[in-house]
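The model shown is predicted, which means the values in this text are computed figures rather than measured ones. Heavy-atom basis, side chains included; hydrogens, waters and symmetry copies ignored.
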Amino acid sequence: MNPFLAIVRRDVRLAFRQGTDTLMTLAFFVIAVVLFPLGVGPEPNVLARIGGGVVWVAALLASMLALERLFQTDYEDGGLELLALAPMPLQIVVLAKVLAHWLATGLPLAVAAPVLGLLMNTPPDVFPVLVAALLLGTPTLSLIGAIGAGLILGARRGGVLLALLVLPLFIPVLVFGVSAVEMAAQGLSPKASLLILGAMALAALALGPWAAAAAVRQALE
Amino acid sequence: MSLFTGHDLTCIRGERRVFAGLRFALDPGGALLLQGANGSGKTSLLRLMAGLGRPAEGRIRWHDVDIADDCETHNARLHFVGHGDTVKPALSARENIAFWTDLRGGGDVEGALSAFGLGPLAAVPGRFLSAGQRRRVNLARLAAAPAALWLLDEPATALDSDSVARLRDAIARHRAGGGSVALSSHGGLDIPDAVPLDLTDFAEAAA
Amino acid sequence: MKRLDWFANPARFLRLARAVQPWATGIALTAAAAGLYLGLFASPPDYQQGESVRIMYVHVPAAWMALFCYTALAVASAVALIWKHPLADLAARATAPVGAAFTFLALLTGSLWGKPMWGTWWVWDARLTSVLVLLFLYLGYIALNGAFDDPARGAKASAVLALVGFVNVPIVKFSVDWWNTLHQPASVLRAGGPAIHESMFAPLLLMALAFKAYFVWVLLIRIRAEIAAGKIRAARLRASGDAAP
């Protein structure tokens, strides 16, 4: 089997077999969104107004959950050394792990988003744009997050540290993700925001694995 | 000229100089037995040999080519066994070995299972394996895919005498086929005509 | 090898530091005194903004320093990663808290200025948000740098972070040009020369000089302290014989 696919298949299999990553991410996503109608009051117009932003913020925080363990378990059981010693560039290994992380967390988040949109009274004709924005934005989150996940290997209190490191870098994705949804809700074309999300995904694809590989390498030296 | 050589190697961990001026040479079919007290740098040296990190000074060469100049080729020719057991609790013994073998382009997983007596355990998830069984799963990937160089850091840890014998046989087969091995071991694993390398000789009175 | 030798014999750097430090101190104090006098007393109030324009003489140089320090941090990190020069590690580590302080000062004075001018302490426009992100990047750098038991690990990890975070610097600089913001665009560092009267320009430049000299001054003190700390660690290791790494 192709080594790249072998890594993707193993990590996805681990995520589903342990059951925690995908389920916990989705459960957190739902609970975080449900808190908002209870917190700001169930006024339908208010919910519809903030719905896109709430779903995005919750998705962003949920995608952080499994990120800490992206390299951590491999680092602890010695597998990360073997992955770094695989006969392929470390960037490709990182990319395979990021893809598996996205398949296990980002993709389910995007698919589940319309259900939460209903809870937030978001107009259903905005759902396609919401899902499209999440599909374009969450890979960027996984790619940027991988850099942070590599940097915290072996650090004290890695989870909190990871949030401090990557959440500021997630802000551009949040801004343009929400703006795409708002545009669509106002009946305007979300094309510009979606294109920027796509451009950020491509930039993250070009630079993220490289930086994450550097982060992992310094952790192994 | 030997196959795998190191010259004037200096290793620094943190801000401490572990060893300096170290040299080694390894031939096809040869075995290098690293000796020395705790903290003398056996693990550090094996990691340098694997290319996980660069020596602060000196060169490690394979056929006169610095391993740092062509990491992927070097990776493809070596097997590394470190302190971690690299066994995923959610994957069966066979899946664990198959993954590491796929990563190197495939190999004989079933043969490796039987070489380390893991046949009956093949379908058992890693979380139910004992420390010694996990170590055997970790070692079995050596037998699954061929590699010219084995770097083994305390490979006999947690193994019972039967498994130590299997490991010795695996190393003997590997060497008979022209493979080289460098290993550290605190007894229990006697390798015939292994060249000893005592790292305490290269330790400095703390730099 | 390099790292140890350098710690064992940092004499060259220390000689330079001792020579430069009094100059930096003197320039910082003199320029600050002159700049504050000109800015607070001698310069005229703005025809639109009145007396509150005087916040500019702290706010603008602090904002410049916020970007300058992050750029210095990124350059030092790159040098540390590529050439593994230990002085670069120390310089980066010493720069971060100073840069964070300047960034905080810029946000604080900006907020104080915004209340009378815009009628609000804070707006979520591109400039303010990106400077806030800059502050978070500084804090992340400091946290990551100190999160490892082995200081060398912390230095390397945070150096990678500093380089990744550098993408934010052009965003901060050009945010006022790329987006419509409440924040006014650059009036000094712009094509076609500064759009500012010289009675205001002089104290602004003096304050910028004072901040820069202050940065050098504090940086030298911090690096010397780091070198001393390194020597103490080395001495402890020697004393403890073959302590574990």
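Residues of residues 76-84 of chain B placed with any heavy atom under 4.5 Å of a heavy atom in chain A are listed by number as B:Ala76, B:Leu78, B:Phe80, B:Gly84. Chain B is approached within less than 4.5 Å, heavy atom to heavy atom, by no residue from residues 136-163 of chain A.
Between A:Gly117 and A:Val55, the shortest heavy-atom distance links the atoms N-CG2, 4.5 Å.
A salt bridge links B:Asp162 with B:Arg166: the distance from a Lys NZ or Arg NE/NH1/NH2 to an Asp or Glu carboxylate oxygen falls below 4.0 Å.
The CG atom of A:Leu26 sits 9.0 Å away from atom OG1 of A:Thr105, with the distance rounded to the nearest 0.5 Å. Summarising the geometry, atom CG belonging to B:Leu149 is positioned 11.0 Å from atom CG belonging to B:Asn75; distances are rounded to the nearest 0.5 Å. Between the CG atom in B:Asn138 and the CG atom in B:Asp85 there is a gap of 6.5 Å [rounded to 0.5 Å]. B:Leu45 CG to B:Leu151 CG: the interatomic distance, rounded to the nearest 0.5 Å, is 9.0 Å.
Side chains of B:Asp153 and B:Thr43: a donor on one and an acceptor on the other come within 3.5 Å. A:Ser193 and A:Ser179 are linked by a side-chain donor-acceptor pair at a separation below 3.5 angstrom, with hydrogens and angles left out of the test.
No other option in A:Leu90, A:Leu82, A:Val93 has as many heavy-atom pairs under 4.5 Å with chain B as A:Leu82. The residue among B:Leu52, B:Thr86, B:Thr73, B:Leu91 with the most heavy atom pairs within less than 4.5 Å of chain A is B:Thr86.
With B:Lys42 contributing its side chain and B:Gly36 its backbone, the two residues share a donor-acceptor pair below 3.5 Å. Proximity of a side-chain donor or acceptor of B:Arg136 to a complementary backbone N or O of B:Phe116 within less than 3.5 Å is detected.
Contacts of A:Arg13 with chain B are made by side-chain atoms alone, with heavy-atom separations under 4.5 Å and no backbone atom involved. In this structure, chain A has no heavy atom under 4.5 Å from any part of B:Arg134. Contact annotation for A:Leu83: both backbone and side-chain heavy atoms come within less than 4.5 Å of a heavy atom of chain B.
A cation-pi arrangement is present between A:Arg10 and B:Trp100, with the terminal nitrogen or guanidinium carbon under 6.0 Å from the aromatic centre and inside a 45° cone about the axis.
Just one of A:Arg69, A:Glu68, A:Glu76 meets the side-chain hydrogen bond (donor to acceptor under 3.5 Å, both in side chains) condition when paired with A:Gln72; it is A:Glu76.
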